[in-house]
Amino acid sequence: MADESLYQEIILDHYRNPHHKGLRDPYDVEVHHVNPTCGDEVTLRVRVADGVVSDVSYDGQGCSISQASTSVMTDLVIGRAVDEAMKTSEAFLALMQSRGQLEPDEDVLEDGIAFAGVSRYPARVKCALLGWMAWKDATAQAVAASSGGAA
Amino acid sequence: MTALVDAGLAPYDVEVVRADFPVLARTVSGHPLVYLDNASSSQKPRQVLDAEREFVEQHYSNVHRGVHTLSQEATDAYEAARTTVATFLGASDPHEVVFTKNATEAYNLVAYSFGNAAAGSRFSVGPGDEVCVTEMEHHSNLVPWQMLCERTGATLRWIPLTDDGRLDLTDLDTLVNERTKVLAFVHVSNILGTENPVDVLVARAREVGAFTLLDGAQSAPHQVVDVQRLGVDFFVLTGHKMLAPSGVGVLWGRKELLDAMPPFLGGGSMIEVVQMSGSTYAPAPERFEAGTPVISQAVALAAACDYLSALGLDRVAAHEQALTGRLLDGLHALDGVSVIGPATTESRGAAVSFAIEGVHPHDIGQSLDELGIAVRVGHHCAAPVCRRYGVPATTRASSYLYNTAGEVDALLEGIATVQRFWRR
């Protein structure tokens with residue numbers, strides 16, 4: 001099939017064997033995000049301890065791109081400082097919005113570079129961002145709650 | 001061809017039809033385009049494009065407003081379009097045809113008009129009243145009624161579905177009862193393909209004095225519609241699914257009802273006398289066409305009706321039924337593929353939803369696009385139907401008058417290719 005630039009082997013691997021999948025305790029915040037155009041959805045939990053993303057767990061249904069992207073995301077943020085993980089998230093967002101014009105940095109995005117081809121398919125960018133946006137939302141809420149602000 | 005001969009109809013030359021649609025000659029991803037997303041929107045023939053262009057180039061002006069020549073010619077063309085649509089629908093009076101921007105506006109028009117009716121009026125909806133829809137409605141014929149019920153305190157009820165994609169009419173007499181103000185339902189489902197038994201539903205609505213609204217967005221493009229024979233009070237279609245441009249839809253309603261219903265949108269053209277203290281309203285259809293209407297799109301819609309009438313919608317329906325049968329047979333023969341909706345062509349339109357075990361619809365659609373095949377994936381603005389059948393989304397192939405048996409075969413081969421790719 002000619003679409004292997006979109007469906008990279010790394011993406012297919014994460015889709016078939018997703019990392020960190022399944023909802024776990026303990027957690028600080030749980031969010032539920034949906035993609036209203038296709039019905040894909042993810043329920044995601046975040047645990048933040050001492051400024052570090054100590055765990056991310058999730059469950060959901062969706063296409064290969066959304067499921068694989070969420071799996072890659074967990075690898076990239078779990079165990080990282082929140083600030084550092086947020087920067088990675090921004091790098092992934094920039095890649096997705098690049099319409100194929102950005103050379104991804106493997107040191108920052110690791111397996112995430114496999115999604116570079118997705119940025120050329122505007123209809124699929126939302127799929128790739130579903131899990132990332134859920135994580136960002138949940139983490140921001142967890143940080144706000146722990147710093148005494150209103151969650 | 002056999003189906004046509006069996007039905008006593010002249011042969012249908014699909015290649016002649018295809019020649020009218022320039023886009024069908026293009027390629028996608030290096031393959032000939034196979035356009036099977038017609039339930040979403042159809043392609044446009046030269047005749048429709050030419051009619052719109054000729055109107056805009058030679059006769060365009062605003063309508064109902066001027067004494068100059070172009071204004072008169074534009075008004076004549078616009079009103080002639082209304083007459084053409086009325087004839088197309090078997091309506092007795094062109095004034096029963098209201099041009100809207102799409103089908104969605106038409107449902108909202110009726111729902112808001114009823115919501116604007118004074119308490120005690122025959123149209124008023126309030127606490128204790130009920131609105132009944134079906135579980136297979138497109139969001140456009142569901143959400144406006146939910147909103148009406150929220151605003152007025154009325155109760156929304158719905159007719160559920162059977163496992164094989166039909167309406168479950170077991171409790172029809174309870175669901176449509178003396179409290180029912182409106183029964184709004186889809187003629188042919190955009191996601192399941194099901195054609196509903198209009199006669200049964202209309203008969204029950206009449207017993208209890210409920211108004212009936214039929215969503216014809218997926219029927220009017222594909223089969224002969226006669227609103228008088230259907231016996232409904234309101235019928236809705238949209239132009240872009242039946243060879244016309246986007247931006248024009250139609251609400252047909254019985255004149256006696258349209259003339260008595262309160263307006264929806266206020267503004268120019270829909271008035272009789274305007275004073276600072278208040279206004280009176282024009283009769284239908286002007287009452288429901290506030291502001292400058294969709295002029296050139298209405299002219300193009302009339303050209304689309306003429307195109308369909310000349311081709312013969314009975315022949316189109318027979319052609320599509322043959323394609324649908326071929327597709328259903330092919331899907332049933334594939335391992336790991338299931339059809340969501342009626343399994344045969346019996347009381348069924350051309351939209352066919354299916355699932356491939358282990359492959360998400362988004363990935364199916366993307367992989368088929370690589371083969372030049374355009375299908376729709378998602379919930380098709382009928383999310384409750386997906387929920388009912390336990391799927392997040394479906395893949396839907398929907399053929400139209402220009403599709404061929406070869407294209408159906410290309411889709412079936414494409415599905416087999418998709419299965420090989422995702423199972424490796």
Side-chain angles (χ1 to χ4, degrees), chain A residues 1-18 21 32-44 58-72 96 99-100 114-131 133-134, chain B residues 27-32 37 40 139-140 142-143 191 340 353 355-396 410 413-424:
Chain A
M1 215 149 190
D3 54 2
E4 293 186 341
S5 64
L6 175 64
Y7 295 120
Q8 297 284 319
E9 213 45 63
I10 294 173
I11 293 178
L12 298 178
D13 283 348
H14 277 274
Y15 176 49
R16 291 180 181 127
N17 302 296
K21 193 167 178 174
H32 181 72
H33 279 218
V34 300
N35 182 344
T37 56
C38 63
D40 284 3
E41 50 189 85
V42 64
T43 301
L44 183 140
Y58 64 97
D59 202 0
Q61 54 182 9
C63 64
S64 61
I65 303 295
S66 74
Q67 297 302 292
S69 175
T70 305
S71 169
V72 168
M96 285 303 99
R99 291 261 179 164
F115 292 83
V118 177
S119 72
R120 288 198 301 272
Y121 297 82
R124 308 302 298 277
V125 167
K126 268 193 181 172
C127 308
L129 290 175
L130 181 67
M133 291 298 128
Chain B
T27 57
V28 168
S29 309
H31 298 269
D37 191 21
S40 181
H139 295 167
S140 59
L142 169 59
V143 179
I191 177 167
I340 298 160
S353 273
I356 302 178
E357 199 184 326
V359 194
H360 190 278
H362 248 131
D363 294 319
I364 299 169
Q366 193 87 54
S367 296
L368 289 174
D369 184 63
E370 295 291 334
L371 301 168
I373 302 168
V375 295
R376 172 82 184 269
V377 296
H379 54 50
H380 315 286
C381 294
V385 174
C386 289
R387 216 161 288 130
R388 165 65 176 81
Y389 295 104
V391 291
T394 78
T395 305
R396 180 189 68 192
E413 283 162 29
I415 292 169
T417 307
V418 169
Q419 287 183 309
R420 280 194 299 277
F421 178 84
W422 287 97
R423 278 178 186 169
R424 75 201 158 103

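These numbers were taken from a predicted model, which means no experiment stands behind them. Letters A, B, ... are given to chains in the order of the sequence lines, protein chains preceding strands, and every chain is numbered from 1.
- Using a 4.5 Å cut-off on side-chain heavy atoms (C-beta onward), A:Ile65 and B:Gln366 make no contact.
- The shortest distance between side-chain heavy atoms of A:Gln61 and B:Val391 does not fall below 4.5 Å.
- Taking the six-membered ring where the residue is Trp, A:Tyr7 and B:Trp422 present perpendicular rings, their angle passing 60° and hence far from 30°.
- In terms of heavy-atom pairs under 4.5 angstrom with chain A, the leader among B:Gly378, B:Pro392, B:Ala393 is B:Pro392.
- Summarising the local packing, NZ of A:Lys21 is surrounded by more than 12 heavy atoms from other residues, nucleotides or ligands at distances under 6.0 Å.
- For the atom pair CD of B:Glu370 and CG of A:Leu6, the computed distance is 7.5 Å after rounding to the nearest 0.5 Å.
- Of all heavy-atom pairs between B:His362 and A:Cys63, the closest is CB-CB, 3.5 Å.
- There is no contact between A:Asn35 and chain B, counting heavy-atom distances below 4.5 Å.
- For A:Arg16, the CZ atom counts as densely surrounded, since its 6.0 Å shell holds more than 12 non-hydrogen atoms of other residues, nucleotides or ligands.
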